[in-house]
Amino acid sequence: MISKKNTKKIYFDLLKIRTIEEIISERYKEQEMRCPIHLSIGQEAIAVGICHNLNNYDQIVSNHRCHAHYLAKGGDEKKMINEFYGNSDGCSGGRGGSMHLFDQKKGILSSVPIVSSSIPVGVGAGFSFKYNKKKNIAVIFIGDAAIEEGVFYESLNYAKIFSLPVLFVCENNLFSCFTNINERQPKNLIKKISKSFGMKTHFLNGNNAIQIANKSKKIIEEIRLKNEPQFILLDTYRVLEHCGPYEDDHLNYRNKKEIKYWKENCPLKKLEKILVSNKILSKSSLRNYRLSYKKKYNLIFEDCKKSKFLGTKLNNIKLYA
Amino acid sequence: MISKKNTKKIYFDLLKIRTIEEIISERYKEQEMRCPIHLSIGQEAIAVGICHNLNNYDQIVSNHRCHAHYLAKGGDEKKMINEFYGNSDGCSGGRGGSMHLFDQKKGILSSVPIVSSSIPVGVGAGFSFKYNKKKNIAVIFIGDAAIEEGVFYESLNYAKIFSLPVLFVCENNLFSCFTNINERQPKNLIKKISKSFGMKTHFLNGNNAIQIANKSKKIIEEIRLKNEPQFILLDTYRVLEHCGPYEDDHLNYRNKKEIKYWKENCPLKKLEKILVSNKILSKSSLRNYRLSYKKKYNLIFEDCKKSKFLGTKLNNIKLYA
Amino acid sequence: MPKKRILTASQAINEATIMAMKKDNSVYVIGEGVNDPKEIFGTTKNLKKIFTSKRVIETPISENAMTGLCIGSAMMGLKPIQIHQRVDFAILALEQIINNCAKAFFVSNSKHTVPMVIRMIIGRGWGQGPMHSQILDSLFAQIPGLKVIMPTFPKDFKGMILSAIKDRNPVVILEHRWLHNIKGDVPKKYYLNNINKIKKINNGHDLTIVANGYNLLEVIELKKILKDEKISFDLFDLNILQPLETNAIINSVKKTGRILVIDSGFKNLGIGSEIISRISETCMEKLKSKPLRIGLPFVPTPSSRFLAKSYYLNKKRILISILQVLNKKKIKNNLSKKIKSNIPIDVPDLSFKGPF
Amino acid sequence: MPKKRILTASQAINEATIMAMKKDNSVYVIGEGVNDPKEIFGTTKNLKKIFTSKRVIETPISENAMTGLCIGSAMMGLKPIQIHQRVDFAILALEQIINNCAKAFFVSNSKHTVPMVIRMIIGRGWGQGPMHSQILDSLFAQIPGLKVIMPTFPKDFKGMILSAIKDRNPVVILEHRWLHNIKGDVPKKYYLNNINKIKKINNGHDLTIVANGYNLLEVIELKKILKDEKISFDLFDLNILQPLETNAIINSVKKTGRILVIDSGFKNLGIGSEIISRISETCMEKLKSKPLRIGLPFVPTPSSRFLAKSYYLNKKRILISILQVLNKKKIKNNLSKKIKSNIPIDVPDLSFKGPF
Ligand SMILES: Cc1ncc(C[n+]2csc(CCOP(=O)(O)OP(=O)(O)O)c2C)c(N)n1
Ligand SMILES: Cc1ncc(C[n+]2csc(CCOP(=O)(O)OP(=O)(O)O)c2C)c(N)n1
Ligand SMILES: [Mg+2]
Ligand SMILES: [Mg+2]
């Protein structure tokens, strides 16, 4: 069971991510973060809950919607924000933009915007751990649409037959851009597929960070011990538009009731309730944290926005190591 | 149930394929058929049993091991043999060689040597039938290794969610070149996978042509009726080496007992037993057929071998239609 | 004279698609997002309403099988228009494109055709970075059996797409995102534009310029400025990359003696390299100055606008290159001022508000 | 002087692999068929026996994920040697190769490296047809971030593969199947050959020839015949396609004034187009005759030996091209006789008994 202290840590992680994403959403219209952004608001519990049980040597890979994964795994927030502004001290030196977050020191191996492209790379990280007899694991964060790409299955196959310490974490937010999962996949494919490959498969509520942290703790320990891949499927929901800073509920591609249901099940609210009812933090201190985080991160954004591009000119960028 | 007449037809189809393949095997060392060949000896029952229930407008797609599919679907044998000899009146004008057999008039849409590459093309043929409200089906012949390529899963998905009249026929001969299926796939993946996609899945003995014809008749009728893909998995065995005309049992990559078991379960012998025990053909007439087929097809090979290349010169080949 | 009918390129594409679908029941549209509210930058607008989801098909994220499906259906006589919101997604389908799509006609001894259109959009907008704004022009131009076109003007978008749909061969259309909002006169009727032979779109004396896509617009904008300096040029719109017909270019070079080729993609192994080689091999002796290629540097597309600045070509760099081919060492100061732009590097015009 | 040590190229590859694996525990070999009795044409012989299946890994038929797996492990510090029995199979892995493999160094702001080797074998043998004997040299040379090499001689196979394994960048090795049995002197020791800069391997006066792979051997065989006619040439072994370093070629052309580039792949958009363009752009004025490229015609590889005959280059066609660059119109009859070969078009030598 997660201790009080850890519950607080999880809360702070979640709050940090939420705060930063809300500031992006507000500031995007300033037109200074000039790259596509895919916000995780509403889905952060998964990143936080899983990464809670990882260490710096464990590796994660992510996709276009990578902010939460990056931050939850301990990625440097300032480097991320600088990357959004296209600055040279961004985590990829301005080369990648928001869909290419990584932090070598923190075990954030790769995030790439081609759906499913980072999956086998994550499997390769797992391969390296087994090869080197390390007790680390690789976590592969994917969306529900990722299972439509062939490379996903090829990767499941490798992870399984090579017995690799890999955890697949599938965030099912029901949508791929504007398209519902029912239009894209046979019924329950997403629930059955990893089992067909003989993988232990778990179904969790994607909006309950504490539960995710609790359950994934055991799963992750087992993977470390046994070098066998496992699969966690979590239901969750994206609150804002697929790409960009706004709500897009007026477009009517999603059911109003569904939206309402999920907004009520906001992972941050849920967690706050737990904190209050378990008397870990008071309502007023929560309010204070919200405000102080907002202030703190707004300052960082302001800083990054003002900072000049000081990097290598393109002509001097080396193509080869 | 298959009638006596049809049982005989199935026998003649099987005998024809076996005879032609045995002649290839004998004559390959003459070094006049200068292209890779993948013989189907031991596996012919599947092609014959399934194609027995198809008409000329139904389409099949195949892979590197396509001789049996081509012949069972009614492909012109002379054009095939000419293709092996590189002649201009080969079915692909000498351009493709043995791994690119097709016959437009007979509904042999495509055979290509890239493993799994023809799968989505077959799905596309199914798509065209549904689009045009035709009551035809597309049959996709694959080997056990084909399910290791991502495009296989993507294709299952399309066939299912678009509700297409497609039949997947997987010939599990346990090997991909020299590698056993156990080294390549989690246990029973091949049995479970199409079910995960919500497809009706059938398991048949791949060496019993009559049974295959019987069972697939109903399946194919159902597909025509309902526009829903189905999957048949059949166990079988390749008698000769993966590519080339010889046995390669001395290489010891396959279990001796296993080889013996399957040779005893030869689809032609099996069928002959049925014919004799059901008094459809006598032993001596079987012997006569064997001999007369051999003679007949040997003459055709001789003809093709002698025929000159009379086709367009490469320089005159048009790149565009 | 008929009145002018001004449409954007995306409207022209939309109109062409609707016309083709009305004319021929075997034409269908398929792709990820074709029925999205964003309507593939407006190009698939109303399609589903008019033709239903039977013919306007939303799909899973499985580019390779989607392509194979299109190919199979095309071999059976249908005419798919497949759309990739980013050319980059087509990379996942290269096996099907290179093998079944491009080779079916050859390997079937000319019996099978694959009458299929693949629209691929080149994503230049707010810094989408190295995996969402590749060009890949010469990659596709390198695959025998494909036609590859890259229209610039709304009129051509319509006529060339209609031709592509009618063509019996697979046709790849590379659409530069920033051209979608360009406006121009587009005839109302059904018409076909040649997709086998490029055309000269300007006549001049001093040099020959070959360009396409967004760069072409920049060249055209330079025309007036250069005219003031008494410089005129033959200009070819390289909107057909394959089949690559270079005779007209060669004839022009024989006249002008000078050539500049502007690649939309990498200069390295770009279409320009093929054109310059052919010129050198056939009429080197007519050249009065060294031929010149410009294009993208051989590194992935950077995201940051600070880096994009030196990545992409612009009017100034094109102008410098023109002067170089003319052996005029320096840009005159006033020329340089005339082309100064107040538009940032990462937007096509000031109305653009990102992200794509 | 050390005694000569004659090995075939495949023995040299095998030796290099064993050496590298002994030297560095992080090197592993992976691919479809690496542990087959056929041992990837002998090149993986004994590997499993020496290094066990932990480091010599047979895999499912899933090229794309296999490549991603290698990339991930390489980013974590391992050094995979991935093998494709046919270059054609790498087409299925292009997404991983173009995106993660080639771009990781760039997009990670130079933090990640992908020290990975991908051996791809070009299948020329008995008519394998359009999907089993592509060359794809300029396709790979077009991807920024990859090194692409194509050794010809056994000695170079060893030294270049050892360098490729040691290199911090992804290196694609294109191995022409018909070179595997070529014999040559191969030093016993561990040594590295340059994989960044091509070398001149013959000195002459009359023209510059650039060639690689199997064609290179044919050029070398012509050397004696041409010498009898008092023709000598500078010869570059274009065994490094990327990074493409052309300064030495340009210097040579400045001297000889004549250039012939022989592409292993298509002439269209081949490496030759880039080389000729660079020459034209830098020292056109030194050319005494038009530059010339030869290569494969722009159609898929045909299977039939009757068609292969006019598809592939051969000594005679190379000779004609040399004379063309030298402005000598006709081959003298005796030259033509001298190069007559009794070897069929679809085998490298008479010992070859197919099918691969
Ligand atoms: C190969 C590929 N195809 C299409 C896209 C366009 N695209 C970007 S994100 C996305 C949806 C992905 O959905 P999902 O995996 O469920 O993640 P989510 O956005 O819901 O978090 C798509 C289709 C892409 N980036 N890559
Ligand atoms: C994409 C690809 N990878 C590898 C190969 C090499 N290859 C040719 S046949 C074959 C084995 C296929 O096995 P299976 O599908 O079971 O068919 P079988 O040969 O057993 O009939 C392989 C790996 C190929 N042709 N295509
Ligand atoms: Mg989703
Ligand atoms: Mg098999």
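The sequence lines fix the lettering, A, B, ..., with proteins before strands; numbering per chain opens at 1.
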Peer 1: Let me know if D:Gln242 has heavy atoms under 4.5 Å from chain A in its side chain, its backbone, both or neither.
Peer 2: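 Backbone plus side chain of D:Gln242, per the 4.5 Å heavy-atom cut-off to chain A.
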
Peer 1: Looking at side-chain heavy atoms only, is the closest gap between A:Pro120 and D:Gln96 below 4.5 Å?
Peer 2: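 A:Pro120 vs D:Gln96: side chains touch.
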
Peer 1: I'd like to verify something: which residue of D:Asp167, D:Leu146, D:Thr113 has the highest number of heavy-atom pairs under 4.5 Å with chain A?
Peer 2: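 Result: the option with the highest number of such pairs is D:Leu146.
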
Peer 1: Regarding A:Ser110 and D:Asn100, do their side chains bring together a donor and an acceptor under 3.5 Å, going by distance alone?
Peer 2: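 Checked: A:Ser110/D:Asn100 side chains show no N/O donor-acceptor pair below 3.5 Å.
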
Peer 1: Please flag which part of A:Ile161 lies under 4.5 Å from any non-hydrogen atom of chain D: side chain, backbone, both or neither.
Peer 2: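 Contact with chain D is through the side chain of A:Ile161 alone.
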
Peer 1: Output yes when a side-chain donor or acceptor of A:Gln104 lies under 3.5 Å from a complementary backbone atom of D:His112, and no otherwise.
Peer 2: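 The answer is no, because no donor-acceptor pair under 3.5 Å joins these two groups.
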
Peer 1: Relative to chain D, which segment of A:Ile114 carries a heavy atom at a distance below 4.5 Å: side chain, backbone, both, or neither?
Peer 2: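 Contact with chain D involves the side chain of A:Ile114 alone.
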
Peer 1: Between D:Phe106 and A:Tyr320, is the gap from one ring center to the other below 6.0 Å?
Peer 2: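 That pair fails the under 6.0 Å test.
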
Peer 1: Evaluate the side-chain proximity of A:Tyr158 to D:Thr59: yes if any heavy-atom separation is below 4.5 Å, no if none is.
Peer 2: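 The answer is yes, as the side chains (C-beta and beyond) meet within the 4.5 Å cut-off.
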
Peer 1: How about A:Arg95 and D:Asn109: do any of their side-chain heavy atoms sit closer than 4.5 Å?
Peer 2: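 Answer yes - side chains close enough.
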
Peer 1: Say whether A:Tyr131 and D:Ser26, considering side chains only, have a donor N or O and an acceptor N or O under 3.5 Å apart.
Peer 2: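 On atom types as modelled, these side chains do not qualify, holding no pair under 3.5 Å.
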
Peer 1: What part of A:Phe162 lies closer than 4.5 angstrom to a heavy atom of chain D: side chain, backbone, both or neither?
Peer 2: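 Only the side chain of A:Phe162 comes within 4.5 Å of chain D.
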
Peer 1: Could you look at A:Phe129 and say if it's the side chain, the backbone, both or neither that has a heavy atom under 4.5 Å from chain D?
Peer 2: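 Only the side chain of A:Phe129 comes within 4.5 Å of chain D.
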
Peer 1: Hey, could you give me the CE/CG distance between D:Met76 and A:Asn132, rounded to the nearest 0.5 Å?
Peer 2: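 Answer rounded to 0.5 Å: 8.5 Å.
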
Peer 1: Out of curiosity, D:Ser108 OG to A:Phe102 CZ, how far, rounded to the nearest 0.5 Å?
Peer 2: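 So the OG of D:Ser108 and the CZ of A:Phe102 are separated by 4.5 Å.
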
Peer 1: I need the residue from A:Ser155, A:Gly96, A:Ser117, A:Ala138 with the largest number of non-hydrogen atom pairs under 4.5 Å to chain D.
Peer 2: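 Looking at each of A:Ser155, A:Gly96, A:Ser117, A:Ala138 in turn, A:Ser117 comes out on top.
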
